[in-house]
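Report on the following structure.
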Amino acid sequence: MCEVRMSDIHFSYNNNVAIDNISLTISQGDFVAVVGPNGAGKSTMLKIMAGLIKPTRGQVMIGGKDMATAKGHGLIGYVPQNYGKNAMGFPATVKEVVALGLTLGSAAAKKNRQAAKHITSHMMELVGLEQLQDRRIGELSGGQQQRVMVAMALAANPELLLLDEPTSGIDYEASNRIYELLGTLNKNLGITIIMVSHDIEKAVSYANKVACINRKLCFFGTSQEFDATHAQVRHLWYYTG
Amino acid sequence: MEFFQYDFIQRALLAGLITGIVCPLIGSFVVVRRQSLIGDGLGHIAFAGVTGGYMVGLYPVVGALILTVTGAVGIELVRRRHTEFADMGLAIFFYAGAAMAIIFSTMTRMPSTGLLSFLFGSIITVTIADVITIACAGSLVLAVVYFLFDKLMLMSLDEDIANVAGINTGMINMLFSILTAIVVVVGMTIVGILLVSALMIVPVATAHLLRVGFKATMGWAVVFSMSSVLIGLTSSFYLDVAPGGTIVMTAILLYIIMTLVRQCIALKERREDPILSSPGNK
């Protein structure tokens with residue numbers, strides 16, 4: 001059970017408030033799109049959920065465990081923003097990067113060479129990159145690199161997948177493929193997905209829940225509810241923040 | 001061969017080949033972490049350690065080891081705080097090392113020949129004890145790289161992902177920095193800072209041109225590095241020139257040859273590609 005519970009989360013740096021008392025509970029199997037204007041604190045909130053930033057106040061529980069315990073159990077998969085910058089010139093093949101995901105997961109799969117090989121192949125097949133397995137990641141397009149990162153995260157068999165702007169800087173077709181892949185992973189494997197996105201229309205159409213933030217939590221509910229109150233929420237973003 | 005009959009050549013070859021294996025292993029991670037000048041930076045700090053150690057009556061190598069490991073820890077702490085300017089911290093420590101070395105050397109009036117031997121070392125003058133010391137440092141590097149390979153590779157790719165997975169990135173980074181410092185100090189005093197710094201980077205750069213995977217790049221870097229030691233040492237013996245410099249120039253020559261081969265392959269691919277070779281794309 002991988003429920004994400006954020007209680008009274010507050011984060012500020014240099015007296016600037018980035019996250020102001022956000023509390024929300026994301027259930028097992030949810031696909032949540034985190035949306036909001038630039039500088040709203042979306043990525044900061046995701047990094048707090050990933051345990052990369054400690055909140056100034058409040059607590060995050062993942063699957064009933066505190067952050068320190070959850071991190072050690074390989075429950076969380078994380079796909080960072082602007083991955084392409086790191087990939088440029090990195091001398092690793094798609095296969096090598098996906099196999100690295102096993103380092104993040106259970107020790108059992110790592111030790112069994114045959115199992116590790118099978119998991120790696122399966123993950124590459126799942127994201128549609130088996131044909132490119134021997135290519136270096138720096139030679140791939142932005143969309144393909146993002147799919148490699150998703151495959152690597154999946155190789156660890158996470159219960160929660162956190163993605164920071166997975167489609168930024170990627171063309172229309174490639175971003176569609178990533179959304180479709182995430183939708184399939186959520187439906188078929190039951191992985192809880194929390195994704196920060198600027199592409200509101202597209203993200204909301206694939207997610208079943210939406211968290212709209214502008215330092216505070218402006219809205220948290222189903223995609224249908226979000227669609228119904230869209231104009232009102234937009235007003236909240238820009239005038240009450 | 002007459003060349004291999006001399007004891008000093010056998011020792012030089014052993015020390016050189018161990019350095020040739022160890023340096024690219026460390027260098028493969030150093031290059032992708034964008035810290036290619038760390039060997040030189042730590043070398044300057046080690047130089048300050050040698051002069052500082054001499055000043056306070058400490059065995060110079062011990063002085064170098066203490067100050068270089070401290071410097072490596074400092075560089076890592078600065079890198080952690082300013083990830084976007086990782087090379088800036090390295091430059092600060094680099095200049096601090098050079099400045100301290102100049103101040104200490106004028107204060108102690110250490111003989112310049114002694115200073116130069118520590119700074120440049122000489123692969124031809126290595127003793128059995130030196131070979132054992134460098135073999136111990138080499139074994140330590142091999143063990144750490146073997147057991148932490150996946151984690152080091154993942155952290156070089158993206159530290160945040162490793163962090164989220166619960167990997168103690170701080171501890172591993174610190175261990176890697178200290179290991180680099182040990183290799184630099186041990187290598188510097190035995191075979192010279194030039195050889196250690198160059199073999200950490202140049203063979204890795206040559207292997208990158210092959211455009212193969214991470215493990216294969218690492219393997220090829222070791223092959224290029226060992227070939228440079230073998231060819232360089234043999235040439236220096238027959239041409240009667242400095243061995244350290246000849247080994248480094250051999251490594252650079254291999255890099256140039258590989259770059260030209262790469263260019264020829266790219267040109268051939270361009271000619272054979274119907275789209276790229278069309279008049280509009282010329």
For A:Met67, is it the side chain, the backbone, both, or neither that has a heavy atom closer than 4.5 Å to a heavy atom of chain B? neither
Charged N to carboxylate O below 4.0 Å: is that the case for A:Arg177 and A:Glu173? no
Short N-O contact, A:Asp134 and A:Lys95, less than 4.0 angstrom: yes
For A:Ile137, run the side chain to side chain contact (heavy atoms under 4.5 Å, CB included) check against A:Thr93, A:Val98, A:Val94, A:Leu132 and tell me which one passes. A:Val94
Heavy-atom contact with chain B under 4.5 Å, split by part of A:Ile76: both
Name every donor-acceptor pair, under 3.5 Å, that has one atom in a side chain of residues 258-266 of chain B and the other anywhere in the protein, sequence neighbours excluded.
unit_1, atom_1, unit_2, atom_2, d
B:Thr259, OG1, B:Tyr255, O, 2.7
B:Arg262, NH1, B:Leu209, O, 3.1

Under 4.5 Å, heavy atom to heavy atom: which of residues 168-182 of chain B reach chain A? Give them by number, or say none. none
Can we say B:Arg271 and B:Glu269 salt-bridge, meaning some charged N sits less than 4.0 Å from an Asp/Glu carboxylate O? no
What option among B:Ile167, B:Leu154, B:Val31 has the most heavy-atom pairs under 4.5 Å with chain A? B:Leu154
Proximity breakdown for B:Val164 and chain A, heavy-atom pairs closer than 4.5 Å: both
Just by distance, do the side chain of A:Glu159 and the backbone of A:Thr192 share a donor-acceptor pair under 3.5 Å? no
Give the table of side-chain donor-acceptor pairs shorter than 3.5 Å for residues 216-232 of chain B, with sequence neighbours excluded, one pair per line with atom names and distance.
unit_1, atom_1, unit_2, atom_2, d
B:Thr217, OG1, B:Val212, O, 3.3
B:Thr217, OG1, B:Gly213, O, 2.6
B:Ser225, OG, B:Gly20, O, 2.7
B:Ser227, OG, B:Val223, O, 2.6
B:Ser228, OG, B:Phe224, O, 2.7

Run the ring-ring contact (aromatic ring centres under 6.0 Å, His included) test against A:Tyr206 and tell me which residues pass, sequence neighbours left out. A:Tyr179
